[in-house]
Amino acid sequence: VLEEAGDLVVPSLQPQARKAVLISNAKVFGLYGQTVSRSLKRAGLEVRTFLIGDGERYKTLRTLDSVLQFLSSEKLERTDSVVALGGGVVGDLAGFAAAVYLRGVDFVQIPTTLLAQIDSSVGGKTGVNTVAGKNLVGAFHQPSAVLIDTSTLETLPRRELTAGWCEAVKQGAAGDRDLFDSTVQLLRGAGGPLQAASNNGVDRLIAKQCAFKARIVEGDEREAADRNDSGSRKILNFGHTSAHALETITGYRRFRHGEAVGLGMLVAGEISKGLGLLDPSELELLQEAVRSCGRLPPADDLDRARIIQLISQDKKSVGGKIKWILLSRIGRAAIVDGREIPATLLRASLQTAFQHRL
Ligand code: NAD
Ligand code: GLY
């Protein structure tokens, strides 16, 4: 796909498109940048490249400002485009730049991490972090095209794969039993998270994951605050309420986001079981699925009282109330008001989930 990026992208752009600004970071550009750039040029586009720093700490307004300055210094026009080559950090930031530059230019995603291929490149959420929190500033801006070349997963570090697989399990568990089963089968059948990423079946699975996410986004693009049904975009936040607390309490240093989501799903699963919503056998399936994603960092040493405090400040609250994404079965989410979850159950669920052998 990378070799053919130009021919694949051009039909999705405006007929007058002349120029493309390729945004990446040094690591990803070093691996795949020349291939993509050459292909875009062969398809007739003038290509300029801008590299941002590697990592979440560069997903900032400051980096955005430097990208916007570059786009204007290159005189990118309304009919031109921005192409993101990288993981979710590059994609979210480049997408936001494309959303606001000249009030919106075309934007193409070429995601190179598993997480970005199944989740962040699809659905149009773009944005940056601020000192007040993650993803606090952003815009919905749908990409004109998303090109996924799964051979890029061959260079991805193990932890990034585990984080991506956790998000893949999340999507199936929250909304599609068949997708959940296909994901677990690939992980088990291939013999582990690394092998699954280079298995022949990974292309089909990623396509299935994207189709699932696109279906949810089509049904609730802007994540309507008043939607609490199992088709709400909110269900994609399954596992995220405790994940955000885990990331915050460890200063974003211990967990990759997807790893924290892996643990967060176990907490939500325990609460679901405790409320009598989820059958214990379904929770076991979820636990096995999370285990098959790879080893997760420990969380049982963390201050649970502080985690509970952080959970109560979750920014995804509606009208000041926390909404938990729980499960009534694998593949069907239930959105539950935090006030319906007894404090004792929350404490016990955190303890049990974090002591679970992974
Ligand atoms: P990332 O973009 O930081 O990439 C992870 C690491 O892998 C980086 O060091 C990167 O340089 C490297 N990398 C990327 N591709 C590689 C490859 N093929 N080979 C070797 N190394 C490679 O992290 P991520 O997990 O892709 O994305 C996380 C971001 O995505 C977060 O900022 C999160 O908020 C965002 N996100 C957005 C959405 C959305 O809907 N927009 C959804 C989920 C997550
Ligand atoms: N990653 C969650 C969403 O796109 O809504």
Side-chain angles (χ1 to χ4, degrees), residues 2 23-33 35-36 51-60 63 84-96 99 107 109-129 133-143 146 148-168 170-171 174-175 197-198 209-210 212-224 227 232-240 243-244 247 252 255-261 315-316 325 333:
L2 296 186
I23 299 181
S24 190
N25 67 36
K27 189 201 266 179
V28 179
F29 190 83
L31 290 163
Y32 307 111
T35 308
V36 172
L51 302 185
I52 65 169
D54 188 356
E56 192 70 40
R57 67 183 189 283
Y58 292 100
K59 206 177 108 176
T60 58
T63 310
L85 174 70
V89 166
V90 167
D92 279 14
L93 188 123
F96 190 31
F107 165 52
Q109 290 262 27
I110 309 185
T112 60
T113 62
L114 180 58
L115 179 139
Q117 293 181 356
I118 62 155
D119 186 355
S120 65
S121 64
V122 177
K125 280 189 183 176
T126 72
V128 295
N129 307 324
K134 257 192 91 176
N135 296 329
L136 272 193
V137 176
F140 287 96
H141 188 54
Q142 295 294 346
V146 181
I148 299 176
D149 189 328
T150 55
S151 70
T152 59
L153 300 180
E154 282 163 25
T155 53
L156 203 60
R158 182 197 66 81
R159 285 189 67 184
E160 302 299 342
L161 284 172
T162 290
W165 285 122
C166 284
E167 295 276 9
K170 172 206 80 177
Q171 297 204 145
S198 56
Q209 288 276 350
C210 290
F212 165 76
K213 176 143 185 201
R215 179 157 50 84
I216 297 293
V217 172
E218 271 168 18
D220 181 18
E221 187 179 4
R222 302 250 162 171
E223 204 170 309
R227 290 258 320 248
S232 157
R233 187 169 180 163
K234 289 189 195 115
I235 67 162
L236 300 174
N237 296 323
F238 175 52
H240 282 60
H244 288 145
E247 288 177 284
Y252 291 89
F255 300 99
R256 298 292 305 142
H257 173 66
E259 293 173 331
V261 169
K315 75 174 159 78
K316 291 269 180 186
I325 315 301

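One-based numbering, in listed order, for ligands and for the atoms of each.
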Legend entry - Protein heavy atom at shortest distance from atom 22 (C) of ligand 1: Leu156 CD1, 3.5 Å
Legend entry - Asn25, portion touching ligand 1 at heavy-atom distance under 4.0 Å: side chain
Legend entry - Protein residue, atom and distance nearest to atom 42 (C) of ligand 1, heavy-atom basis: Ser120 CB, 3.4 Å
Legend entry - Main-chain N/O of Pro157 paired with Glu160 side-chain donor or acceptor, under 3.5 Å: no
Legend entry - Under 4.0 Å to a heavy atom of Tyr32 - the qualifying atoms of ligand 1, by number: 18 (N)
Legend entry - Numbered atoms and elements of ligand 1 in range of Lys213, under 4.0 angstrom, heavy atoms: 40 (O)
Legend entry - Option set Asn135, Thr155, Val89, criterion heavy-atom distance to atom 20 (C) of ligand 1, minimum: Thr155
Inset, instruction - For residues Thr162 and Arg256, determine if any side-chain heavy atom of one lies less than 4.5 Å from a side-chain heavy atom of the other. - result: no
Legend entry - Polar side-chain atom of Arg233 near backbone of Glu221 as donor-acceptor pair, under 3.5 Å: yes
Inset, instruction - Check Val122 against ligand 1 and report side chain, backbone, both or neither, counting heavy atoms closer than 4.0 Å. - result: neither
Legend entry - Arg215/Glu218 ion pair, N-O < 4.0 Å: no
Legend entry - Ile148: partners by side chain to side chain contact (heavy atoms under 4.5 Å, CB included), with sequence neighbours left out: Pro111, Gln117, Val146, Thr150, Ile206, Cys210
Inset, instruction - With heavy atoms only and a cut-off of under 4.0 Å, state how Asp54 meets ligand 1: side chain, backbone, both or neither. - result: side chain
Inset, instruction - Would you confirm whether Ser198, through its side chain, and Glu154, through its main-chain N or O, come within 3.5 Å as a donor-acceptor pair? - result: no
Inset, instruction - Record the part of Glu167 in heavy-atom contact with ligand 1 below 4.0 Å; permitted values are side chain, backbone, both and neither. - result: neither
Inset, instruction - Any chance you could measure Ile110, atom CD1, to Ile23, atom CD1, to the nearest 0.5 Å? - result: 12.0 Å
Inset, instruction - Give the single entry among Arg256, His257, Lys27 that approaches atom 23 (O) of ligand 1 most closely by any heavy atom. - result: Arg256
Inset, instruction - Quickly, which of Glu223, Lys213, Glu167 forms a side chain to side chain contact (heavy atoms under 4.5 Å, CB included) with Leu236? Name it, please. - result: Lys213
Inset, instruction - Without swapping roles, check the side chain of Asn135 against the backbone of Asn129 for a donor-acceptor pair under 3.5 Å. - result: no
Inset, instruction - Between Thr112 and ligand 1, find which residue part has any heavy-atom pair under 4.0 Å and reply side chain, backbone, both or neither. - result: both
Legend entry - Enumerated ligand 1 atoms positioned under 4.0 Å from heavy atoms of Glu160: 5 (C), 6 (C)
Legend entry - Residue part near ligand 1, for Asp92, under 4.0 Å between non-hydrogen atoms: side chain
Inset, instruction - Measure the distance from atom 31 (C) of ligand 1 to every protein heavy atom, then report the residue, atom name and distance (to 0.1 Å) of the closest one. - result: Glu56 OE1, 3.2 Å
Inset, instruction - Find out whether Asp92 and Lys125 are in side-chain contact, i.e. whether some heavy atom of one side chain is under 4.5 Å from a heavy atom of the other. - result: no
Inset, instruction - Given side chain to side chain contact (heavy atoms under 4.5 Å, CB included), test Tyr58 with Leu93 step by step and report yes or no. - result: CA-CA 9 Å; Tyr58 292 100; Leu93 188 123; over 6 Å; no
Legend entry - Ile325 to Ala333 - nearest heavy-atom pair and separation: CG2-CB, 3.9 Å
Legend entry - Heavy atom of the protein closest to atom 34 (O) of ligand 1 (residue, atom name, distance): Lys59 NZ, 3.1 Å
Legend entry - Those atoms of ligand 1 less than 4.0 Å from some heavy atom in Leu31: 19 (N), 20 (C)
Inset, instruction - Give the atoms of ligand 1, by number and element, whose distance to some non-hydrogen atom of Val28 is under 4.0 Å. - result: 11 (O), 13 (N), 14 (C), 15 (N)
Legend entry - Heavy-atom nearest neighbour of atom 28 (C) of ligand 1 within options Ser121, Ala26, Gly88: Gly88
Inset, instruction - Provide the closest heavy-atom pair for Val89 versus Glu56 in the form atom of the first, atom of the second, distance. - result: CG2-OE1, 3.8 Å
Inset, instruction - Between Asp119, Leu115, Leu114, Leu93, flag the one that comes closest to atom 44 (C) of ligand 1 by a heavy atom. - result: Leu115
Legend entry - Pairwise side-chain contact, Leu85 with Val90, heavy-atom cut-off 4.5 Å (strictly under): no
Legend entry - Nearest protein heavy atom with distance in Å, relative to atom 4 (O) of ligand 1: Thr113 CG2, 3.6 Å
Inset, instruction - Run through ligand 2 for me and note each protein residue having a heavy atom under 4.0 Å from it, chain first, then residue number. - result: Asp119, Lys125, Lys213, Glu223, Arg233, Leu236
Inset, instruction - State whether the side chain of Thr126 and the backbone N or O of Ala139 hold a donor-acceptor pair below 3.5 Å, judged by distance alone. - result: yes
Legend entry - Exercise: do Thr155 and Tyr32 side chains pair donor with acceptor under 3.5 Å: yes
